[in-house]
Amino acid sequence: MHTEIPAVLSSNTELSSTANLGFIHAFVAAISVIIVSELGDKTFFIAAIMAMRYNRLTVLAGAMLALGLMTCLSVLFGYATTVIPRVYTYYVSTALFAIFGLRMLREGLKMSPDEGQEELEEVQAEIKRKDEELQRSKLLNGTGDVETGVGPSVPKKRWMQFISPIFVQAFTLTFLAEWGDRSQLTTIVLAAREDPFGVAVGGTIGHCLCTGLAVIGGRMIAQKISVRTVTIIGGIVFLAFAFSALFISPDSGF
């Protein structure tokens, strides 16, 4: 009996160590690919431009809620594939990472140096159009200007008393821009092969860092970032994770 207890303790320690390594690997993978996918992305520009026009905390809260929700949904989609034998999902996800990496390298090498400026202008036009629609809606309802709050006093809908229209706009624009985006597909692929909690935490923190940088830096940061350079680095990161799978057994996951 005295010889069995150390064996059980050793087995539990090994399981705990494996689980911790699985979480850390998933966390590092998620935060890395999200950062290289989101810097200079459409959601980054949306946060940067809206933060210049409206309250930064409101924009950050709306964007982060959308990105957090999208990350959780993506992790659930990826985790749902774990009903398939891990050996298949592992190598399929590795192949997808290699494809994403090669595609990003190809796109990055073909990009013009001012590629990000074009996307920035596209996002500015979209936000301006949304602003005009919101202002028309406010004028039709007699509620005045959305930024100044000036206008006739008209009873609002109950939910509008608690939720800012800017918060809703930041949430909807970010959520729609993120749906089907490369970072969402990447999160799904990661959740299929890595620890889902590590992916969820790493992905959320990665989004928080990128969105926070966009909100704080605004247009200045958006104009300084080279989308071409970030895309090429992103391609290398994706390929690195695909290459590392050759040295890791599919059974070593969570």
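- Closest of all the heavy-atom pairs between Gly198 and Ala30 is O-CB, 4.3 Å.
- Under the ring-ring contact (aromatic ring centres under 6.0 Å, His included) criterion, Phe243 pairs with Phe247, sequence neighbours left out.
- Within the 3.5 Å criterion, the main-chain N or O of Gln184 finds no donor-acceptor partner in the side chain of Asp181.
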List the steps and the verdict of side-chain contact (heavy atoms from CB on, under 4.5 Å) for Met104 and Ile232. CA-CA 6 Å; Met104 286 180 77; Ile232 292 172; over 6 Å; no
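- Grouping the Ile, Leu, Val, Met, Phe, Trp and Tyr side chains by contacts below 4.5 angstrom, directly or via other members, places Trp179 with Phe171.
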Between Ile166 and Asn55, does the side-chain contact (heavy atoms from CB on, under 4.5 Å) criterion hold? Intermediate values first, please. CA-CA 8 Å; Ile166 303 307; Asn55 182 278; over 6 Å; no
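- Residues Val237 and Ser32 come closest through the heavy atom pair CG1-CB, 4.3 Å.
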In sequence, state the C-alpha distance, the side-chain angles, and the governing distance for Arg228 and Lys110, and then conclude on side-chain contact (heavy atoms from CB on, under 4.5 Å). CA-CA 8 Å; Arg228 183 176 186 271; Lys110 286 187 173 182; over 6 Å; no
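- Judged purely by distance below 3.5 Å, without hydrogens or angles, the side chains of Glu107 and Thr231 never pair a donor atom with an acceptor atom.
- Taking the centre and axis of the six-membered ring of Phe97, the NZ or CZ atom of Arg193 falls inside the cone set by 45° and 6.0 Å.
- Shortest non-hydrogen contact noted between Thr43 and Glu178 is CG2-OE1, 3.3 Å.
- Residues Glu38 and Arg182 have side chains not in contact (no heavy-atom distance under 4.5 Å, counting atoms from C-beta outward).
- A single hydrophobic cluster is seen to contain both Phe44 and Leu209, as judged by linkage of ILVMFWY side chains at heavy-atom distances under 4.5 Å, directly or through other members.
- Taking OG1 of Thr172 as the start and CD1 of Ile46 as the end, the distance is 9.0 Å to the nearest 0.5 Å.
- One distance of note links OG of Ser93 with CZ of Phe100; it measures 10.5 Å at 0.5 Å rounding.
- Hydrophobic clustering (side-chain heavy atoms under 4.5 Å, transitive across Ile, Leu, Val, Met, Phe, Trp, Tyr) groups Val199 together with Val92.
- Without hydrogens or angle criteria, Thr211 side chain to Cys208 main chain gives no donor-acceptor distance under 3.5 Å.
- Taken from CG in Leu69 to OG1 in Thr174, the straight-line distance is 11.5 Å, to the nearest 0.5 Å.
- Interatomic distance, Phe175 CZ to Leu67 CG, rounded to the nearest 0.5 Å: 10.0 Å.
- Residues Arg56 and Ile216 approach most closely at NH1-O, 3.7 Å, considering heavy atoms.
- Considering all non-hydrogen atoms of both residues, Ala170 and Ala63 come closest at CB-N, 4.1 Å.
- Within the model, atoms CG of Leu96 and CZ of Phe238 stand 10.5 Å from one another, a figure rounded to the nearest 0.5 Å.
- In this view, Arg106 satisfies the side chain to side chain donor-acceptor pair (under 3.5 Å) rule with no residue, not counting sequence neighbours.
- Residues Met70 and Ser74 are in side-chain contact: their nearest non-hydrogen atoms beyond the backbone lie under 4.5 Å apart.
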Take Leu173 and Met50 through the test side-chain contact (heavy atoms from CB on, under 4.5 Å) and record every step on the way to the result. CA-CA 10 Å; Leu173 281 174; Met50 288 196 69; 4.0 Å; yes
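- Within 6.0 Å of CZ in Phe197 there are 12 or fewer heavy atoms belonging to other residues, nucleotides or ligands.
- The side-chain heavy atoms of Tyr54 and Ser164, taken from C-beta on, include no pair separated by under 4.5 Å.
- Residues satisfying the ring-ring contact (aromatic ring centres under 6.0 Å, His included) test with Phe27, not counting sequence neighbours, are none.
- If you take CD1 on Ile34 and CD1 on Ile205, they are separated by 12.0 Å, rounding to the nearest 0.5 Å.
- Closest heavy-atom contact between Thr71 and Thr204: CG2-OG1, 3.8 Å.
- Transitive grouping of hydrophobic side chains (ILVMFWY, heavy atoms separated by less than 4.5 Å) keeps Phe167 and Leu57 in distinct clusters.
- Note on Leu239 and Val33: separate hydrophobic clusters, where clusters join Ile, Leu, Val, Met, Phe, Trp and Tyr whose side-chain heavy atoms are under 4.5 Å apart, directly or indirectly.
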